[in-house]
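Have a look at the structure below before the remarks.
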Amino acid sequence: MESKDTGTNTSKRPESQTLKAARYVKAADSILVFTGAGISAESGIPTFREAQSGLWAIYNPQELASPEGFDQDPYQVLSWYLWRLKLIQNSEPNPGHHALVALEEYCLSSGKDFILITQNIDGLHIKAGSSQVLELHGNIFRLRCHSCSLPSNLNLSNHDLDQNLPRCTSCSGLLRPDVVWFGEGLPEENLDIAWEKAASCDLFFCIGTSTLVQPAASLPFLAVDKGATMIEINPETTPVSKVAQMHVPNLSGKFLPEMIKAIESQQV
Ligand code: BJW
Ligand code: ZN
């Protein structure tokens, strides 16, 4: 059985994690990249569960990210999303996002299957230029009706919430961000594709996610059960660390560009 690489092995001249990951990429036929809030942290967007800096350390998820919270105080929820939307609009993709664009280009030009599945709602993968992106928790730039689900083309950042709350043109219901809150189902078609890709990939990158939120958190475990190699990139350990062939205890914006350099330099 292959030994596990935790990034802390200091024995004689171990192969660097960068080269090892690059080798895994070259050997794979089908690569799935799964990202969470950590990949956008270096763009200045707060994560959720990190002590001190995570959003849930300051804000109550039941009040701000649940249908019940919205029903109780839609102004408060929309104001919070407007604040986050403005933060995201003023953010740029970081070297981690850009490296994943390069990884996609490398995979597609070498005939490998590639998909990027993200839990993030910030759209930064697409802004960076990734094209095979599946958003599991929606997108903060879209609004939809909380009553009839009709998509709206109204832009929340142009709306003055103190004047009135945005409403559906069809049923007059309140508009809300098109994101997945606690207790809500994920977009079914995307989830189906995600299950299928996780079950069939041979290399799975789990990047910047605590893997605590279901059902998305089951994807890496499904992939490992079906025989995929798991590379986790996260400064902290998570439930996935135990089943990963490699846990890279580094920032994604540092490690991923180095890995791409190794792939492109033909060192491996
Ligand atoms: C770095 C880094 C750097 C930092 N580089 N790394 C089974 C068991 C238990 C509970 C449940 C269950 N099934 C369902 C539930 C309930 C619930 C759930 O999972 N709760 C748990 C928290 C206990 N799940 C749900 O409610 C889901 N719905 C559902 O299942 O409904 C059932 C249903 C089915 C059919 C019909 C109807 C209903 C929905 C979950 C929706 C989650 N929504 C949110 C908010 C989205 C909108 C918004 O952004 O406002 O999604 S919550 C939040 O968590 C957000 C994220 O996408 C998600 C995951 O967070 P993520 O990305 O992992 O972030 P963090 O902060 O947790 O971790 C960041 C990591 O990055 C850390 O590890 C850092 O170390 C690392 N990091 N800097 C690399 N530079
Ligand atoms: Zn409506």
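Residue numbers start at 1 and run along the sequence shown. One-based numbering, in listed order, for ligands and for the atoms of each.
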When you look at [atom1] of [X], are more than 12 heavy atoms from neighbouring residues, nucleotides or ligands closer to it than 6.0 Å?
{"X": "Lys254", "atom1": "NZ", "answer": "no"}
{"X": "Asn158", "atom1": "CG", "answer": "yes"}
{"X": "Gln76", "atom1": "CD", "answer": "yes"}

Task: Distance from atom 67 (O) of ligand 1 to nearest protein heavy atom, with residue and atom - done: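 Answer, as residue, atom name and distance: Ser210 OG, 2.5 Å.
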Name the option, out of [options], that contains the heavy atom nearest to [atom].
{"atom": "atom 71 (O) of ligand 1", "options": "Pro249, Ala65, Gly208", "answer": "Gly208"}
{"atom": "atom 35 (C) of ligand 1", "options": "Ser241, Ser53, Gly185", "answer": "Gly185"}
{"atom": "atom 31 (O) of ligand 1", "options": "Glu184, His137, Arg49", "answer": "Glu184"}
{"atom": "atom 11 (C) of ligand 1", "options": "Arg84, Gln214, Lys254", "answer": "Gln214"}

Open item on the list: Side chain, backbone, both or neither: which applies to Val179 and ligand 1 if a contact is any heavy-atom pair less than 4.0 Å apart?
Closed with: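 Near ligand 1, Val179 shows its side chain, while the N, CA, C and O stay back.
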Open item on the list: I need the contact type for Tyr81 against ligand 1. Using non-hydrogen atoms and a strict under-4.0 Å cut-off, is it side chain, backbone, both or neither?
Closed with: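 It is the side chain that gets close, since no backbone atom is under 4.0 Å.
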Open item on the list: Going by the rule salt bridge (charged side-chain N to carboxylate O under 4.0 Å, His left out), which residues pair with Lys127 if we only count those two or more places apart in sequence or in a different chain?
Closed with: Glu92
Taking distance alone, with N or O pairs closer than 3.5 Å, would you say [X] contacts ligand 1?
{"X": "Ala37", "value": "yes"}
{"X": "Val180", "value": "yes"}
{"X": "Asn250", "value": "no"}

Task: Numbered atoms of ligand 1 (with element) below 4.0 Å of Glu236, judged on heavy atoms - done: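 In order of number, 75 (O).
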Task: Pro235 heavy atom under 4.0 Å from ligand 1 - done: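 Under 4.0 Å: yes for Pro235.
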Open item on the list: Around the Zn ion (ligand 2), how many protein N, O or S atoms are found at less than 2.8 Å?
Closed with: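 Protein N, O or S neighbours of the Zn ion (ligand 2) under 2.8 Å, waters not counted, come to 4.
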- [ ] Flag the pair Val101 / Glu105 as yes when at least one side-chain heavy-atom distance between them is below 4.5 Å, and no otherwise.
- [x] yes
